[in-house]
Amino acid sequence: MNTLQIRRTAIAVAAAALLPFTLAACSDSGSDTEAAPPAAAGDQAKTGESTPRDGAMTGDEPFGAACAGVPKEGAGSFDGMAKDPVATAASNNPALSTLVAAVKQAGLVDTLNNAKDITVFAPTNDAFAKIPQADLDKVLADKEQLTKILTYHVVGRKLTPQQLENGSFETLQKGMVTTSGSGEAYKVNDTSNVVCGNVRTANANVYIVDTVLMPK
């Protein structure tokens, strides 16, 4: 009787010892054949798709209250402007018609369109309207002075919103502009507000401003 009990006890202990290894082996086999490959494939698919999408949503979108006035479709839309060089792109934006007329008057269309990697602080029609009409007519009639004013609005490299937070940049006119702000609120020379920023064209970053900048 004692011998029989000892044998039963030995069999039970052996079974208890082998059971975890058996279960573990079954579990590993199942995960290797079914779970692992789909997870790896899923991770690769997510990595390939989500990274560019996240990048496009972070710091690349136009911002500012005046952006709402930009056409939703066509050549004057953000997508349309991104396909054209800056002077051509601006000509398709109704809010920049006075600036475009001034650029044509100064003979700067080709200069701006052929430039590479520039930033343009683009005054709106309302910005030009702040200048007394007699003074504006005088400037438009003086090609040399007009060229100085317009090239003062252009920096010879592309600037990101982060670079505008506390910046000082030389313009094509050789004067300096200063920028300050954060988030979606920026000023140029402490007087002109960026009302629609981070607008992309084929060769420029554009920041639409509410006041014409004057060379110092």
Side-chain angles (χ1 to χ4, degrees), residues 62-71 75-78 80-81 84-109 111-113 115 118-156 158-159 161 163-165 167-201 203-216:
F63 62 85
C67 292
V70 174
S77 66
F78 291 128
M81 292 178 72
D84 291 321
V86 64
T88 302
S91 71
N92 294 318
N93 188 321
L96 301 177
S97 59
T98 305
L99 172 63
V100 171
V103 168
K104 291 179 179 178
Q105 185 75 12
L108 292 174
V109 172
T111 299
L112 294 178
N113 275 349
I118 59 175
T119 294
V120 177
F121 296 103
T124 62
N125 296 342
D126 289 341
F128 281 100
K130 294 179 181 180
I131 303 173
Q133 189 61 46
D135 293 342
L136 180 59
D137 290 342
K138 185 178 179 179
V139 169
L140 291 174
D142 186 341
K143 186 175 180 179
E144 182 179 356
Q145 182 63 18
L146 181 60
T147 299
K148 288 181 179 178
I149 292 173
L150 293 176
T151 53
Y152 183 65
H153 288 74
V154 184
V155 174
K158 287 185 176 181
L159 300 176
Q163 289 174 298
L164 300 186
E165 291 180 359
S168 180
F169 310 101
E170 185 178 53
T171 69
L172 296 192
Q173 182 266 342
K174 301 303 182 185
M176 302 294 294
V177 294
T178 60
T179 58
S180 59
S182 62
E184 296 186 358
Y186 296 92
K187 281 184 175 290
V188 185
N189 287 352
D190 293 325
T191 58
S192 189
N193 297 296
V194 174
V195 293
C196 183
N198 209 29
V199 178
R200 307 299 179 87
T201 74
N203 67 329
N205 287 353
V206 178
Y207 295 88
I208 301 174
V209 295
D210 67 357
T211 303
V212 176
L213 306 174
M214 292 297 178
K216 299 179 180 179

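The chain is numbered in sequence order, starting from 1.
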Which pair of heavy atoms, one from [X] and one from [Y], lies closest together, and at what distance?
X	Y	value
Val177	Thr171	CG1-CG2, 3.6 Å
Ser180	Asp190	OG-OD1, 4.0 Å
Thr179	Leu164	OG1-O, 3.0 Å
Ser192	Leu213	CB-CD2, 3.6 Å
Thr147	Ala106	OG1-CB, 3.7 Å
Tyr152	Met176	OH-O, 2.7 Å

Is the shortest side-chain heavy-atom distance between [X] and [Y] below 4.5 Å?
X	Y	answer
Pro94	Pro71	yes
Val155	Glu170	no
Val154	Thr119	no
Val188	Thr178	no
Val103	Leu112	yes
Lys187	Val194	no
Tyr207	Pro161	yes

Point-to-point distance, once rounded to the nearest 0.5 Å, from [atom1] of [X] to [atom2] of [Y]:
X	Y	atom1	atom2	result
Met81	Arg200	CE	CZ	12.5 Å
Ile208	Asn193	CD1	CG	13.5 Å
Met214	His153	CE	NE2	7.5 Å

Short side-chain donor-acceptor distance under 3.5 Å, [Y] and [X]:
X	Y	result
Ser97	Asn125	yes
Tyr186	Asn198	no
Asn113	Thr88	yes
Asn205	Lys158	no

Measure from the side-chain N and O atoms of Asp210 to the backbone N and O of Ala127, and report whether any donor-acceptor pair falls under 3.5 Å.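 Between the backbone of Ala127 and the side chain of Asp210 there is no qualifying donor-acceptor contact (under 3.5 Å).
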N/O donor-acceptor pair under 3.5 Å between Asn93 side chain and Ala95 backbone: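 The answer is yes, because a donor-acceptor pair under 3.5 Å joins these two groups.
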Reference residue [X]; test side chain to side chain contact (heavy atoms under 4.5 Å, CB included); the match among [options]:
X	options	result
Phe128	Leu136, Leu140, Thr211	Leu136
Leu150	Val212, Val139, Leu99	Leu99
Ile118	Val206, Val86, Leu159, Thr201	Val86

Does atom NZ (Lys138) have a neighbourhood of more than 12 heavy atoms from anything else shown, all under 6.0 Å?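 Counting neighbours around NZ of Lys138, 12 or fewer heavy atoms of other residues, nucleotides or ligands fall under 6.0 Å, so no.
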